[in-house]
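Note that this is a predicted model, so its numbers are computed, not measured.
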Amino acid sequence: MDAAVAAVAAIAGLCTGVFAMLAFRWSERDQAKPTRSSLHTDAVLPPGVDTVLSVLRSSAVVLDEADAVVKASSAAYALGLVRGGKLAVEPMMQMARDTRRDGEIRQVELDLPRRGTGRGEALAVSARVAPLGSRLVLLLVEDLTEARRIEAVRRDFVANVSHELKTPVGALSLLSEAVMDASDDPEAVERFAGRMQIEATRLTSLVQELIDLSRVQNDDPLEDAEPVRVDELVAEAMDRCRQPAGAKQITMAAGGTADLHVWGNRGQLAAALGNLVENAVNYSPSRTRVGIAGRRVSAPGGDLIEIAVTDQGIGISERDRDRVFERFYRVDPARSRATGGTGLGLAIVKHVAASHGGEVTVWSAEGQGSTFTLRLPEAGAVRDRERPTDLSAEGLDDEDRPYETFNDPLPAHPAPEVLP
């Protein structure tokens with residue numbers, strides 16, 4: 001009996017050993033098999049490819065024979081090309097399959113929906129697919145959105161310039177023919193010659209503003225920066241517009257805080273403020289008032305100087321308010337023709353403000369008027385060196401001084417005192 005029990009125990013032990021050995025062998029075989037995740041490691045890529053892909057500016061995606069993503073750059077995830085470990089753009093996936101089948105390099109430009117905006121904006125990309133080794137496919141995607149936007153701006157700019165130049169040039173051509181035909185009529189010749197002078201002046205202004213716009217876009221104004229007195233800029237802008245304002249019986253008044261200084265290029269700042277004042281005069285009806293005032297305001301990065309130009313003109317509608325700083329954009333094209341405007345003045349102001357670390361904003365109401373505010377960094381060193389004395393003598397702070405142009409864009413009470 002004992003011998004039988006011992007034999008059974010021996011057989012059971014032998015079976016257990018056999019099963020344990022088989023389980024160990026099966027475990028080793030399973031571990032040796034390539035898993036799906038192991039196929040997606042850097043070891044699958046040919047030597048050096050991973051380093052090359054890491055320095056490419058384009059978004060890079062490597063696909064295996066099962067269309068699974070083996071390698072993807074962070075830019076590819078940012079553009080939304082890869083989601084959940086798979087290529088999310090079907091046209092690109094089809095290109096990859098065709099290239100894997102015949103080995104040909106393919107390239108196409110696509111418009112993809114932009115993720116997260118909810119505004120239906122298109123993302124312009126250029127996709128290029130090429131075989132990588134015998135089993136892999138490489139997809140390179142270049143974002144062309146900004147390049148297309150710049151090209152559209154350049155194309156519109158050329159078209160607008162051509163149109164603007166064509167108008168006065170065509171008028172000069174017609175007027176010169178009229179002068180030749182009316183050579184026996186001195187009065188007609190004088191009348192047509194006057195019109196030719198107007199068109200020639202408009203053409204000269206357009207060319208000069210194109211030059212100014214190109215200069216403020218390409219030059220660094222802070223290379224020749226200096227402390228500039230605000231009251232001198234205001235006085236220069238008023239002198240520039242004194243004649244057209246007088247012809248329309250428009251009163252120009254300056255006020256606000258005295259002894260303010262900004263830091264920047266004097267010529268560009270004078271041109272920007274002059275454009276704002278000239279714009280206010282041109283778009284204001286006769287016997288109205290244009291006010292210019294400056295003040296100091298506190299800001300997290302340092303004090304700012306605000307210069308506001310207020311008019312009682314035609315005003316700007318809400319839909320036009322965001323576009324008034326675009327090149328050649330006019331709120332009222334017919335009125336701009338009458339005033340000789342080119343549509344570049346506010347674009348120059350915007351570029352000057354941005355290049356000086358500031359901004360320009362607008363408040364407006366149709367039929368009531370507008371207030372354009374030029375906000376620039378204060379020349380801090382000058383402020384510390386030359387503290388205003390008139391304010392301390394009167395015991396007034398900056399916030400306590402009369403400043404109607406900012407608090408009330410269309411004041412009904414008398415204009416502020418003229419800056420010294």
Side-chain angles (χ1 to χ4, degrees), residues 230-231 233-234 237-238 241 245 248 250-257 260 262 269 271-300 303-333 335-336 339 341 343-354 356-378 398-399 401-417 419:
V230 172
D231 53 357
L233 296 177
V234 172
M238 294 175 65
C241 303
K248 298 174 67 174
I250 293 177
T251 302
M252 292 189 296
T257 306
L260 298 178
V262 293
L269 293 174
L273 185 58
N275 285 344
L276 289 180
V277 177
E278 183 178 21
N279 198 65
V281 171
N282 289 339
Y283 285 90
S284 294
S286 300
R287 293 181 293 278
T288 57
R289 184 162 59 88
V290 172
I292 308 102
R295 70 170 178 176
R296 180 185 297 113
V297 295
S298 300
D303 289 349
L304 299 176
I305 301 299
E306 288 186 346
I307 308 172
V309 179
T310 302
D311 64 63
Q312 296 172 301
I314 62 176
I316 306 171
S317 65
E318 185 176 356
R319 70 174 184 276
D320 294 326
R321 217 165 291 160
D322 295 333
R323 301 193 60 190
V324 293
F325 297 103
E326 296 180 9
R327 304 166 186 168
F328 298 108
Y329 186 80
R330 297 184 177 91
V331 175
D332 187 350
R335 189 179 182 88
S336 291
T339 58
L344 289 174
L346 292 180
I348 293 175
V349 175
K350 178 181 177 181
H351 282 287
V352 170
H356 282 75
E359 63 175 350
V360 58
T361 58
V362 58
W363 173 95
S364 185
E366 289 187 87
Q368 299 183 32
S370 306
T371 296
F372 285 86
T373 303
L374 185 61
R375 189 175 292 109
L376 299 167
E378 184 183 20
D398 291 348
E399 299 297 330
R401 290 182 63 87
Y403 198 71
E404 61 184 34
T405 304
F406 285 85
N407 297 330
D408 183 3
L410 296 171
H413 42 82
E417 60 181 0
L419 288 173

Checklist outcome for this item: Closest non-hydrogen atoms of Gly294 and Leu260, given as atom of the first, atom of the second and distance, are C-CD1, 3.6 Å
Checklist entry - Atom CG in Leu276, atom OG1 in Thr371: separation rounded to 0.5 Å? => result 11.0 Å
Next on the checklist: I need the minimum non-hydrogen distance between Val234 and Ala254, along with the two atoms involved.
Outcome noted: CG1-CB, 3.7 Å
Checklist entry - Which distance, rounded to the nearest 0.5 Å, do you find between the CG of Leu273 and the CE of Met238? => result 10.5 Å
Item to check | Those residues that, when tested against Thr288, pass side chain to side chain donor-acceptor pair (under 3.5 Å) (two or more places apart) | outcome: none
Item to check | Under the side chain to side chain contact (heavy atoms under 4.5 Å, CB included) test, residues paired with Ala271 that sit two or more places apart | outcome: none
Checklist entry - Considering only heavy atoms from C-beta outward, does the side chain of Asn275 approach that of Val352 to under 4.5 Å? => result no
Item to check | Value rounded to 0.5 Å, distance of CD1 in Ile305 from CD in Glu378 | outcome: 4.0 Å
Item to check | Minimal non-hydrogen separation, Asp303 against Ser298, with atom names | outcome: OD1-CA, 3.6 Å
Item to check | Pairs meeting criterion salt bridge (charged side-chain N to carboxylate O under 4.0 Å, His left out) with involvement of residues 360-372, two or more places apart | outcome: none
Checklist entry - If you look at every heavy atom in Gly357 and Pro377, which pair is closest and at what distance? => result O-CG, 3.8 Å
Checklist entry - Going from CG on Asp311 to CD1 on Ile250, what distance comes out if it is rounded to the nearest 0.5 angstrom? => result 8.5 Å
Item to check | Main-chain N/O of Arg287 paired with Thr251 side-chain donor or acceptor, under 3.5 Å | outcome: no
Checklist entry - Looking at residues at least two apart in the chain, or sitting in another chain, which of them share a side chain to side chain contact (heavy atoms under 4.5 Å, CB included) with Thr361? => result Glu359, Thr373, Arg375
Item to check | Between CZ on residue Arg295 and CG on residue Leu304, distance to nearest 0.5 Å | outcome: 11.0 Å
Checklist entry - For Asn279, what residues pass the side chain to side chain donor-acceptor pair (under 3.5 Å) criterion, not counting sequence neighbours? => result none
Checklist entry - Are any non-hydrogen side-chain atoms of Phe372 and Val349 less than 4.5 angstrom apart? => result no
Next on the checklist: Can you tell me how far apart CG (Asn282) and NZ (Lys248) are? Round to the nearest 0.5 Å.
Outcome noted: 6.0 Å
Next on the checklist: Show the nearest heavy-atom pair for residues Cys241 and Gly274, with the distance to one decimal.
Outcome noted: SG-O, 4.2 Å
